[in-house]
Amino acid sequence: VGPKLPIYLDHHATTPLDPRVFDAMRPYFERDYGNAASTTHVFGWRAEAAVENARESLAAGIGARDPREICFTSGSTESDNLALKGAAFGLAAEGDHIVTTRIEHPAVLDACTALERQGRRVTRLAVDAVGRVDPADVARAIDERTVLVSVMAANSEIGVIQPLAEIARVCRERSVLLHSDAAQAVGRIPFDVEELGLDLASFSAHKMYGPKGVGALYVRRRRPRIRLEPLLHGGGHERGLRSGTLPVPLIVGFARALEIALEDRDVEAARLASLRDRLLARLEEGLEGVRLTGPRGPRLPGNLHVCLEGVQADQVLVEMKDVALSSGSACSSARPEPSHVLQALGLPDRLLRSGLRIGIGRPNTTEEIDWVGERLVQVVRELRAAQAVRSPGRSL
Ligand SMILES: Cc1ncc(COP(=O)(O)O)c(C=O)c1O
């Protein structure tokens with residue numbers, strides 16, 4: 001019989017909504033639909049109370065000391081833009097330089113490019129062969145006009161986890177703010193803004209079995225207090241930092257999603273890592289020319305990324321119709337170029353289009369992983385055989 005198809009293995013792109021999250025959100029669609037900024041009636045008060053409860057819960061969930069440090073946004077894309085542009089404009093008197101890495105999400109990299117067009121300087125640090133940033137490189141890149149360093153917590157393609165605590169120490173010594181895009185980290189691996197020493201952090205609900213279209217930016221209020229320039233002007237919501245009517249049901253779902261994720265985060269992480277290792281072992285045993293991308297050691301538990309010698313990832317995806325996989329990151333899949341992350345690792349050209357990202361998540365079972373392992377081995381063998389017929393003499 002086998003598992004039910006199709007199988008979803010793209011949990012870095014997004015995750016399904018947890019039914020418990022849906023239940024928590026429902027009353028705020030159907031009954032308590034007030035505007036959280038309406039102060040003259042009970043509908044507004046209930047909505048506001050729900051938002052403030054969610055804010056407290058989310059703050060506690062990421063180790064923030066004060067719920068007011070949570071600013072709701074539409075997601076990590078907006079949070080990243082608010083952090084980078086907000087700091088660049090807000091701290092214009094103090095400097096004009098930003099340090100980031102070559103493997104950030106486009107929400108960070110393209111915001112940096114936009115800032116460069118407005119006269120800011122940006123340093124994009126190289127990473128090592130598994131994608132890690134060296135804190136010493138961060139230290140060297142900082143100059144007296146640097147206002148912000150932005151380094152993602154965990155990479156959405158290759159799962160590498162950055163040494164944020166060490167980078168934070170470097171930034172503290174030099175009085176430079178540190179932002180982290182934590183979209184892939186929050187709810188999946190230990191993440192505590194105080195322990196890590198972060199000043200700004202972006203995260204999204206839909207990466208943790210919550211709803212799409214809501215996220216937050218953590219903005220430190222003490223030691224130091226950070227003043228960002230808002231991107232959106234309007235009714236003055238979120239203490240003036242992000243105007244716009246709050247999506248109360250989404251915010252309630254966001255908080256519930258993080259609570260659920262944190263209940264069994266470490267147990268679930270161990271389960272996902274063991275499924276991931278099982279799948280890699282099957283591929284390595286069944287095929288030659290499987291190259292693990294990113295670190296073998298600590299990485300996002302549900303993340304597997306491999307380059308398959310001699311095949312194009314897109315061909316594999318066509319053959320694997322019953323499985324949702326990715327050849328890059330959904331965030332940049334509108335672009336035809338090979339992944340900027342794989343390029344930054346210094347992979348040879350022939351491998352740049354052979355990268356396959358497998359994102360294992362909460363609903364996946366051992367049966368599914370075993371089925372996908374078998375199918376992948378079979379598909380890659382067939383593609384290589386067909387290739388060998390077309391161009392004999394080329395091995396693999
Ligand atoms: C690391 C990272 N940053 C930012 C984003 C953008 O998040 P959103 O689409 O919720 O704005 C994503 C995923 O899409 C991501 O993986």
Side-chain angles (χ1 to χ4, degrees), residues 8-17 21 58 62 70-86 100-114 124 127 131-133 150-162 164 178-189 191 198 200-218 231-232 242 244 247 250-251 253-254 257-258 261 294 299-305 324-335 339-342 344 355 357-361:
Y8 188 77
L9 281 177
D10 202 11
H11 288 90
H12 302 304
T14 195
T15 58
L17 192 77
V21 171
L58 285 160
I62 61 161
I70 299 291
C71 173
F72 289 112
T73 66
S74 60
S76 295
T77 300
E78 184 186 335
S79 299
D80 288 347
N81 274 269
L82 180 55
L84 288 149
K85 297 175 187 168
T100 186
T101 83
R102 291 194 196 157
I103 64 166
E104 297 298 307
H105 187 273
V108 167
L109 289 175
D110 292 4
C112 283
T113 306
R124 295 171 182 77
V127 293
R132 232 178 257 122
V133 179
S150 179
V151 176
M152 75 202 310
N155 187 271
S156 47
E157 286 184 49
I158 57 168
V160 58
I161 296 166
Q162 301 298 353
L164 281 181
L178 177 59
H179 164 251
S180 184
D181 178 339
Q184 297 289 342
V186 175
R188 294 182 176 169
I189 55 172
F191 184 85
L198 298 175
L200 297 155
S202 308
F203 53 116
S204 288
H206 73 103
K207 306 288 189 189
M208 51 173 103
Y209 309 90
K212 293 169 186 56
V214 69
L217 180 66
Y218 160 78
L231 302 180
L232 300 182
R242 203 280 191 175
L250 302 188
I251 287 171
F254 187 10
L258 184 56
R299 66 190 285 156
L300 275 181
N303 173 274
L304 179 59
H305 192 290
L325 298 167
S326 158
S327 58
S329 153
C331 331
S332 49
S333 59
R335 304 173 189 193
S339 146
H340 67 288
V341 177
L342 300 191
R357 181 184 71 172
I358 301 163
I360 306 169

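Read the numbers this way: they start at 1 and go in the same order the structure lists the ligands and their atoms.
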Below the 3.5 angstrom mark, is there an N/O of K207, backbone or side chain, next to an N/O of ligand 1? yes
Ligand 1 atoms nearer than 4.0 angstrom to some heavy atom of D181 are 1 (C), 2 (C), 3 (N), 4 (C)
Residue portion contacting ligand 1 (non-hydrogen atoms closer than 4.0 Å) for H206: side chain
Can the ring centres of Y209 and F254 be said to be less than 6.0 Å apart? no
Between the CG atom in L9 and the CG atom in L325, the distance rounded to the nearest 0.5 Å is 5.5 Å
Is the closest basic N to carboxylate O distance between R124 and E104 below 4.0 Å? no
Quick one: which of V108, N81, T77 has a heavy atom closest to atom 6 (C) of ligand 1? T77
Check ligand 1 against S156 and write out every atom of the ligand that is under 4.0 Å from a heavy-atom position of the residue. 16 (O)
Show which atoms of ligand 1 fall inside a sub-4.0 Å distance from at least one heavy-atom site of M152. 1 (C)
Using distance alone, with no hydrogens and no angle criterion, decide if S202 and S76 have a side-chain donor and acceptor under 3.5 Å apart. no
A student comparing A183, S180, S204 should find that the heavy atom closest to atom 10 (O) of ligand 1 comes from S204
Tell me the contacting part of E78 for ligand 1: side chain, backbone, both, or neither, using a 4.0 Å heavy-atom threshold, strictly below. neither
Hey, what do you get for CG (L258) to CZ (F203), rounding to the nearest 0.5 Å? 7.0 Å
Are the side chain of R299 and the backbone of I158 linked by a donor-acceptor contact shorter than 3.5 Å? yes
